[in-house]
Amino acid sequence: MSSDVAKSTGGAGALPTPPAHPRKSVTGTRLWVAVLFLLPALVLLGALVVYPIGYSVWRSLYDAGGSGFVGLDNYVDVFTDDSTLTAVRNTAIWVAVAPAVVTVLGLIFAVLTERVRWGTAFKLIVFMPMAISMLAAGIIFRLVYQADPDQGVANAIVTSVHDTFADSSVYPGARPNAQVSDLKASGGGSYTTTGTVEAGTPALLPLVGIAPNRLPGSAEDARTATGDGVTGTVWLDFKPGGGGEKGQVDAGEKGLEGVKVEAVKDGEVVASATSGADGTFTLPEEADGAQLRLPGSNFAAPYNGIDWLGPTLVTPSIIGAYVWMWAGFAMVLIGAGLAGVDRNLLEAARVDGANEWQVFRRVTVPMLMPVLVVVLITLMINVMKIFDLVYIIAPQPTQDEANVLALQLFLSSFGGGGNYGLGSAIGIILLLLVVPVMIVNIRRLRKERER
């Protein structure tokens, strides 16, 4: 009897067996409850991330229509087609240049504005472009880079600086009146008389191709030069209202002031003069028997600036627009990291004799390195997806030279190409390019947590 009781109680020293409970996680939450709460997020993750990636991989193995299996041919086309290779090259330029420039500018802005009273206002101005969409920024810079200095801000500035240090032509587009003048083109935009000039016989040099209402300065009525020396007149051979005799100075015709006239003998300039307000000029006696030449500098087209959106500069110009937009983002993040730097270390470095450059290079930058890496990696991922700036800013004739992978994906699939297989292959390549950067970022975050 006692043995049966002992068996039923598990022995005199045995502990009672606890009742069975449902399995719980480390945090004490039942597993099915955790799965239930995570299920909506998992469904969205699968629908918006996993499924599109898997479908893109599958679609990249088929032809444009999706009916024929082509294997890796689409990937081969990516690295053999000229336009796609240009996109790959430009994407590499973007990844190498744009994030580095933006990070450096953000660091400079954050450090320099830390000690000034108006630093907050400056940061607000620099950060303001972040509030503008890429589409709006593209339209803005398409206008900024207009070739016409009267419309494009960039060329307006460039031409203003150029004209400050270099003289512009006096009468761009002017030309001799071929019907009555013996001035003939002589190379380099210049015109030279076929005959020679003699003292006491005024030389007549009529010009046309100039609008009477566009004459510079206060043009005076032209008159025939007088005197015993080598003289002449340069004038606009056009009489308002019509009439007059071609090749002769008529009443009401205007003199052309500021035209340079050279006397040439045996190919060498022996004398020169500049016409006055009434178009007359006088040369020294060395010019007797010489040919008269009007240099091309009198008629050269005005300097219209730089072709920002031409084949050579279109990619750097678009990168400039990107830097304008994202420098504020880098400045804010780096400024937040700078606010957490221990000032005692900076002061200790100064006490030890370090100048400001040494403090910045040897103390500030190393302490900000984690933040700089975050900004750099974030921007690298961002520029791999750059699309709208290139699509809006680059004009159609030079869009191929500015092409990037994201834009090529759009053009191949939806921009008239209709090749969804090639577009899917480009998308997978972009994903593979982003993955190593993400892995580096994840490892860096884990190391930060371990510290």
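FYI, side chains are in, hydrogens and waters are out, and symmetry mates aren't considered; it's all heavy atoms of this structure.
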Worksheet item: How far does OG1 of Thr280 sit from CG of Leu256, to the nearest 0.5 angstrom?
Response: 11.5 Å
Discussion item. Which heavy atom of Ser272 sits nearest to which heavy atom of Lys260, and what is that distance?
Written reply: CB-CE, 4.3 Å
Worksheet item: Which of parallel (below 30°), tilted (30 to 60°) and perpendicular (above 60°) describes Phe299 and Tyr191?
Response: perpendicular
Practice prompt. Check the pair Val126 / Leu105 against side chain to side chain contact (heavy atoms under 4.5 Å, CB included), numbers first and verdict last.
Written response: CA-CA 11 Å; Val126 175; Leu105 280 179; over 6 Å; no
Discussion item. Contact between Leu207 and Tyr171 at the side-chain level, heavy atoms closer than 4.5 Å - yes or no?
Written reply: no
Discussion item. Restricting to non-hydrogen atoms, name the atom on Ala263 and the atom on Ala290 that form the minimum distance, rounded to 0.1 Å.
Written reply: CB-CB, 3.9 Å
Worksheet item: Around atom CZ of Phe37, are there more than 12 heavy atoms of other residues, nucleotides or ligands at under 6.0 Å?
Response: no
Item to complete: Would you check if Val365 and Phe360 make a side-chain contact, meaning some heavy-atom pair closer than 4.5 Å?
Response: yes
Discussion item. Do Lys184 and Pro176 have side chains that approach each other closer than 4.5 Å (heavy atoms only, starting at C-beta)?
Written reply: no
Practice prompt. Determine yes or no for a side-chain-to-main-chain donor-acceptor pair under 3.5 angstrom, with Asp63 supplying the side chain and Ser67 the backbone.
Written response: yes
Item to complete: State whether the number of non-hydrogen atoms from other residues, nucleotides or ligands found under 6.0 Å of Lys123 atom NZ is greater than 12.
Response: yes
Discussion item. Around atom CZ of Arg343, are there more than 12 heavy atoms from other residues, nucleotides or ligands closer than 6.0 Å?
Written reply: yes
Item to complete: Just do the side chain to side chain contact (heavy atoms under 4.5 Å, CB included) check on Val116 and Phe122 with the steps written out, would you?
Response: CA-CA 10 Å; Val116 295; Phe122 180 82; over 6 Å; no
Worksheet item: By side chain to side chain donor-acceptor pair (under 3.5 Å), which residues pair with Arg293, not counting sequence neighbours?
Response: Glu262
Worksheet item: Under 3.5 Å, side chain of Ser275 to main-chain N/O of Gly258, donor-acceptor pair present?
Response: yes
Discussion item. Looking at Ser413 and Leu409, would you say the former's side chain and the latter's main chain have a donor-acceptor pair under 3.5 Å?
Written reply: yes
Worksheet, complete the sentence: Tightest non-hydrogen contact, residues Leu422 and Ser412, listed as CD2-OG, 3.8 Å
Fill in: Reported CG-to-CG distance for the pair Asn304 and Asp150, which is rounded to 0.5 angstrom
8.5 Å
Worksheet, complete the sentence: Distance col, row Tyr391:OH vs Leu389:CG, nearest 0.5 angstrom, shows 14.0 Å
Worksheet entry | Atom pair CD1 (Ile210) and CG (Leu236), whose distance is rounded to the nearest 0.5 Å | 5.5 Å
Practice prompt. Evaluate side chain to side chain contact (heavy atoms under 4.5 Å, CB included) for Ile428 paired with Tyr75, printing each intermediate quantity in order.
Written response: CA-CA 9 Å; Ile428 296 303; Tyr75 294 92; 3.6 Å; yes
Worksheet entry | Nearest-0.5 Å distance that lies between atom CD1 in Ile429 and atom CE in Met384 | 12.5 Å
Response to the item:
Taking every heavy atom of Pro436 against every heavy atom of Leu432, the minimum-distance pair comes out as CD-O, 2.8 Å
Item to complete: Would you indicate whether Asp266, at its atom CG, is surrounded by more than 12 heavy atoms from other residues, nucleotides or ligands within a distance under 6.0 Å?
Response: no
Practice prompt. List for me each residue that meets side chain to side chain donor-acceptor pair (under 3.5 Å) alongside Thr103, sequence neighbours excluded, and say none if there are none.
Written response: none
Worksheet item: Can you name the residues that form a side chain to side chain donor-acceptor pair (under 3.5 Å) with Thr192, not counting sequence neighbours?
Response: Ser186
Fill in: Test item: Asn74 side-chain N/O and Ser60 main-chain N/O as donor-acceptor pair under 3.5 Å
yes
Mind listing the side-chain donor-acceptor pairs of residues 308-321 below 3.5 Å, one per line with the distance, residues two or more places apart or on another chain?
unit_1	atom_1	unit_2	atom_2	d
Trp308	NE1	Asn155	OD1	3.0
Ser317	OG	Trp308	O	2.9
Ser317	OG	Leu313	O	2.7

Worksheet item: Looking at side-chain heavy atoms only, is the closest gap between Thr84 and Asp77 below 4.5 Å?
Response: no
Discussion item. A side-chain contact here means heavy atoms from C-beta on lying under 4.5 Å apart; do Tyr303 and Val158 qualify?
Written reply: yes
Worksheet item: Out of curiosity, Phe69 CZ to Leu61 CG, how far, rounded to the nearest 0.5 Å?
Response: 5.0 Å
Discussion item. Between Thr193 (side chain only) and Leu292 (backbone N and O only), is there a donor and an acceptor less than 3.5 Å apart?
Written reply: yes
Worksheet item: Is a donor on one side and an acceptor on the other found under 3.5 Å between the side chain of Thr159 and the backbone of Ala156?
Response: yes
Worksheet item: So, Asn403 side chain and Asn90 main chain: donor-acceptor pair closer than 3.5 Å or not?
Response: no
Discussion item. If you define the side chain from C-beta out and look only at heavy atoms, does anything of Gln408 sit under 4.5 Å from Thr86?
Written reply: no
Worksheet entry | Residue pairs fulfilling side chain to side chain donor-acceptor pair (under 3.5 Å) with at least one residue in residues 352-381, sequence neighbours excluded | Arg350-Glu356
Practice prompt. Determine the minimum heavy-atom distance between Ala225 and Gly232, stating which atoms define it.
Written response: CB-O, 3.5 Å
Worksheet entry | Closest non-hydrogen atom pair, Trp94 against Pro99 | O-CD, 3.0 Å
Identify every side-chain donor-acceptor pair in residues 322-336 under 3.5 Å, counting partners at least two apart or on other chains, and give the distances.
unit_1	atom_1	unit_2	atom_2	d
Tyr322	OH	Asn382	OD1	2.7

Discussion item. Donor-acceptor check, side chain of Ser133 to backbone of Ala136, threshold 3.5 angstrom: yes or no?
Written reply: yes
Worksheet item: Run the side chain to side chain contact (heavy atoms under 4.5 Å, CB included) check on Asp237 and Glu253 step by step: do they pass?
Response: CA-CA 7 Å; Asp237 194 13; Glu253 295 181 339; 3.3 Å; yes
Worksheet entry | Residues, nucleotides or ligands: over 12 heavy atoms within 6.0 Å of Met438 CE | no
Fill in: Close side-chain approach of Asp388 to Leu135, heavy-atom, < 4.5 Å
no
